[in-house]
Every structure is written in structure tokens, then in C-alpha cells.
Amino acid sequence: KKVVISGTGLYIPEFTVSNDELVESYNRYVDLFNEQHRLEIATGEISALTYSSSDFIVKASGIEQRYVMVKEGILNPQVMMPLIESKPSSDLSMQAEMAIQAATDALNDASVTANEIDLIIVACAYTERAYPAIAIEVQQALRTSGFAYDMLVACSSATFAINNAVNAIRGGSANRVLVINPELTSPQSNFKDRDSHFIFGDVATALVVERDDLANKVNAFAIHSMSCKTNYSNNIRSNFGFVNRCDPQTADAADKLFHQQGRKVFKELLPMIYQHLEQHFTLESLKPEDFKRLWLHQANINMNLFVVKKLLGDNVASDKAPIVLNEFANTASAGSVIAFHRHKADFKSGELGLLCSFGAGYSIGSVVLEKC
Ligand code: CO8
């Protein structure tokens, strides 16, 4: 069975946090910390913290700002996290709210109504709870039929979920699938960590994946081929999990938040990406030059420039692999989908594009798309 992506959707949270705001609050936290630990610092027991800088953030990552669902608390040096009130179980969860907005946008783009959807996959780096699945909550709110489930593959959640959606359609368990990526990253960001306090933003994206013979083809892209790869690494890690409460001494330790060895990730992941794409292209008898556009994962601008240079050489036009992380920061699995959503309108029938994710796991997902 042929399968297409017939629509995409984007939900942008209400609040922005600029680099300057973030750095100003981080530096106030540094002053407070160093003052509070003056004696231990003087005796060499602990090292003084050093300031962050907006210039470093832009140069090292390409990030200029990020969106967040809740801003209150993030910039308070005594708090340094979004203050999110817990809701009663009868209310929609925050991720379901984000998911519904992005899904509604994607359904409009695909000219599909919610009751025509028979599978929802919520795929992202974290879900707010283990069960009932956020996807089933969204299924109830949108009144879709069939079934729904959540899946987590960090930055590759969207591409791996496309893989699942296509296989569900080919296997006959679904005809029309909503893949939704409600990336609520700010509660897991360590705003006290100089190396990573600037990296993430909140956002939600959605895709309608459906049988080719059912689809409205106006905005559709045929899924030409897909490839997934994983390779275990501790260099991007969060030890947050359901067992944390059983060791009260460490339940709130920094390792329960996102942390990484950014330099190592950069060095190790790049060759894996090239190798993975080379294998995928060889299998499909494709060359990098065959693609009109590369919608790449959005973690770091320098990483994307390296990938493009390796695939296509020097002097490549910037619209070949558009960057959205300057506006959104790293939004885990949603990044490449935002790039696709924002930069697909100029495609003509038969032109090829590549959706590609890479990140924690390590995980890499690539999807070759052809405009219908
Ligand atoms: N301000 C000023 N200076 C700084 C700062 C700062 N904030 N941070 C570091 N520096 C300094 C360092 O101290 C260092 O100084 P020196 O040279 O004197 O030692 C210098 O700047 C260089 O530091 P780095 O080596 O750390 O800097 P890099 O140029 O390597 O850039 C990056 C750091 C931006 C982190 C870069 O390494 C990077 O982006 N690597 C790729 C990482 C990546 O792709 N990670 C993917 C993670 S995302 C993912 O997988 C999703 C997980 C799930 C979502 C999680 C949601 C919370």
C-alpha cells in the first residue's frame, strides 16, 4: 500500500524567553550561589560558578530564543524552573492541550476530519505520566476512532512514529493516522546548568499519515522510504523515571534532568549520521543532490552545517536545509517537523525532500518524501 503525509500542523506556545533574559537570570543565580558558598569556594572544596553569555549561546548553538508553555519561575534565580500547577485528573493535561492544537492544524492542512482518524500516536521525548496514554486522552477529546498509544524515542520520536504509522497502514490496522509531537521540554531542562540552560524550547507538531488512495493530494508528500538506526550511548541522558522516589536522597539530583557531553555527542553522532544516510540513499539508488530540501533535526546550527557540507560540499544555499532553531531552540523530535511544516509549500510534483532526526539514544531516523 502507498502511504502519504497529507498535512502538517504546528502549535507555538504563548511565551518567549530570549537569550538575554535567560543569561541575566542565570548570572544572578551564579552570584547567589557563589555568595552562599563563599567559604567552600575559598578553601577550594567547590569551584565558583562562572557566567553564561548570549554571544556564546548564539555562536555555539545558533539559538536566539525559545518558546515555553509557562514562563513563571524560569527566570527567578531562587526557582529556575517553570512553575506548573498540577491539574485535577478531570482536566486536559498540558501535553494533550498542546497536541490537540497541533493536530487540529494538521487535520485542516490535510482536509481530513477528526472522525476519519483511526490511530493516534503521541511521540515525544517525555510524557507527563505513564498512563492512561496522552494519545488516548487526545483520542477522546478529538473523538477519533480506533486506537491510540504513546511512544518515546527522544529526538527521533517523530521519524520513528512515521515508521510505525506507515506499518500500521500497510498491516491493515489503520487507514489514517495522526502522529503528534507535544514536546514539553522546559520542565526537564536544567536552568542551573551553564552548559545546557539555553538548549530547549516547548512546541507541538503533528502529521496526518494516510493511505494514498484516501488522501487529498493538494499538500501531500508520498513516503518513498524510511530508515531507522539506534546505538546505545550515555552521552545524552536523563535519569528521570518512576523509580526515582524510591531513593529520596537522590530523587531531586541534577542527573534526573537532561544532561549531556555536548562535544562528544557532536563528534560521535556526525559520522553515524553520514553513514546512516549513505546506506539509506544507496539502498534507494539516490544521491544527496537528488533532494530539493533537507529538513534536518534542529539541535545545533553547526551540526547541521557539517551534515550539509559532508553531503553536498561548500556554498550550499541556506534554503537547502532550513534552520528553525534560532526561533524555537532545540525542540527534540519536533524540530525537523517544524522545518518541514514551514518549508514545503514551494515543492512541485515529483520533487524529493529528506526528513531526518538525530539525537539521544543515539537514534537516527530518515524519511524520503516525494511531493505528490
Ligand atoms: N556561556 C558561556 N560560555 C560557555 C557556556 C555558556 N553558557 N557554556 C559553555 N561555555 C564555555 C565552556 O566553558 C568552554 O570554555 P573553555 O573552552 O574555556 O573550556 C567553551 O565555552 C566551549 O564549551 P563547549 O565545548 O561545551 O562548547 P561547544 O562549542 O561544544 O558547544 C554545545 C556546546 C552547544 C552543547 C554543542 O556541543 C552541541 O550542541 N553539541 C551537540 C549536542 C546535541 O546535538 N545534543 C542533542 C541533545 S538533544 C536530544 O537528544 C533530545 C533529548 C531529549 C530532550 C530533552 C529535553 C529537556
Side-chain angles (χ1 to χ4, degrees), residues 19-27 29-30 47-64 66-69 74 81-82 95 123-128 152-160 181-203 230-240 254-273 296-307 323 325-326 328-336 356-365:
N19 287 346
D20 285 349
E21 285 178 294
L22 208 57
V23 166
E24 203 261 336
S25 79
Y26 178 83
N27 291 350
Y29 163 75
V30 167
S47 306
L49 296 181
T50 46
Y51 283 166
S52 181
S53 104
S54 294
D55 285 350
F56 169 85
I57 295 170
V58 175
K59 203 163 137 267
S61 71
I63 296 165
E64 289 162 19
R66 69 283 300 138
Y67 296 101
V68 292
M69 290 297 287
I74 292 177
M81 64 180 164
Q95 277 184 303
C124 47
Y126 307 89
T127 49
E128 275 179 76
L152 312 181
V153 199
C155 296
S156 289
S157 299
T159 51
F160 279 43
N181 322 107
E183 291 290 7
L184 182 57
T185 64
S186 53
Q188 255 283 302
S189 297
N190 186 352
F191 292 102
K192 294 181 182 173
D193 175 34
R194 180 172 177 256
D195 288 352
S196 67
H197 74 117
F198 55 87
I199 291 184
F200 294 101
D202 300 334
V203 84
T230 53
N231 206 347
Y232 189 69
S233 166
N234 276 326
N235 289 330
I236 312 170
R237 188 168 173 121
S238 166
N239 288 329
F240 161 75
D255 73 308
K256 306 301 183 295
L257 300 172
F258 168 90
H259 53 285
Q260 71 167 354
Q261 305 287 329
R263 275 277 161 97
K264 278 194 188 160
V265 173
F266 209 106
K267 274 203 194 125
E268 292 176 5
L269 206 46
L270 281 171
M272 273 182 64
I273 299 165
L296 299 179
H297 179 58
Q298 305 279 319
N300 180 292
I301 194 170
N302 299 318
M303 210 155 162
N304 288 23
L305 293 175
F306 268 103
V307 172
I323 294 294
L325 59 69
N326 54 322
F328 291 89
N330 182 341
T331 51
S333 73
S336 56
C356 182
S357 66
F358 34 86
Y362 298 129
S363 63
I364 305 177

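Count residues from 1 along the sequence. Whatever order the structure lists them in is the order used to number ligands and atoms, beginning at 1.
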Between [X] and ligand 1, which part of the residue brings a heavy atom under 4.0 Å of the ligand: side chain, backbone, both or neither?
X      : result
Glu183 : neither
Ala299 : side chain
Asn330 : side chain

Of all the atoms in ligand 1, which lie at a distance below 4.0 Å from a heavy atom belonging to [X]?
X      : answer
Asp195 : 8 (N), 9 (C)
Met303 : 41 (C), 44 (O)
Gly359 : 50 (O)
Ile236 : 46 (C), 47 (C), 50 (O)
Tyr126 : 55 (C), 56 (C), 57 (C)

Is there a side-chain contact between [X] and [Y] (heavy atoms, below 4.5 Å)?
X      : Y      : answer
Phe160 : Ile364 : no
Val23  : Phe198 : no
Phe200 : Phe328 : no
Leu270 : Phe358 : no

Taking the six-membered ring for Trp and the full ring for Phe, Tyr or His, determine whether the centres of Tyr232 and Tyr362 are under 6.0 Å apart. no

### Task
Kindly state whether the ring of His197 and the ring of Phe191 have centres lying under 6.0 angstrom apart.
no

Side chains of [X] and [Y]: do they bring a donor and an acceptor to under 3.5 Å?
X      : Y      : result
Gln95  : Thr127 : no
Asn19  : Arg66  : yes
Asp202 : Ser186 : yes
Asn235 : Glu268 : yes
Ser357 : Thr159 : yes
Asn239 : Arg237 : yes
Glu183 : Ser333 : yes

Would you say [X] and ligand 1 have an N/O pair spaced under 3.5 Å apart?
X      : result
Gly262 : yes
Ser52  : yes
Arg194 : yes
Ala360 : yes

Protein non-hydrogen atom below 4.0 angstrom of [atom] present:
atom                    : value
atom 48 (S) of ligand 1 : yes
atom 26 (O) of ligand 1 : no
atom 14 (C) of ligand 1 : no
atom 18 (O) of ligand 1 : no

Rounding to 0.5 Å, atoms CZ (Phe240) and CG (Asp255) come to a distance of 12.5 Å

Distance from [atom] to nearest protein heavy atom, with residue and atom:
atom                    : value
atom 51 (C) of ligand 1 : Cys155 SG, 2.7 Å
atom 53 (C) of ligand 1 : Ala125 CB, 3.8 Å
atom 29 (O) of ligand 1 : Arg263 NH2, 3.2 Å
atom 8 (N) of ligand 1  : Phe56 CE2, 3.3 Å
atom 32 (C) of ligand 1 : Asn300 ND2, 4.2 Å
atom 42 (C) of ligand 1 : Gln260 OE1, 3.3 Å
atom 1 (N) of ligand 1  : Ser53 N, 3.2 Å
atom 31 (O) of ligand 1 : Ala60 CB, 3.7 Å

Phe358: heavy atom below 4.0 Å from ligand 1, yes or no? no

Heavy-atom contact check, 4.0 Å cutoff: does Ile57 meet ligand 1?
no

Tell me if the CE atom of Met272 is crowded by more than 12 foreign heavy atoms within 6.0 Å.
yes

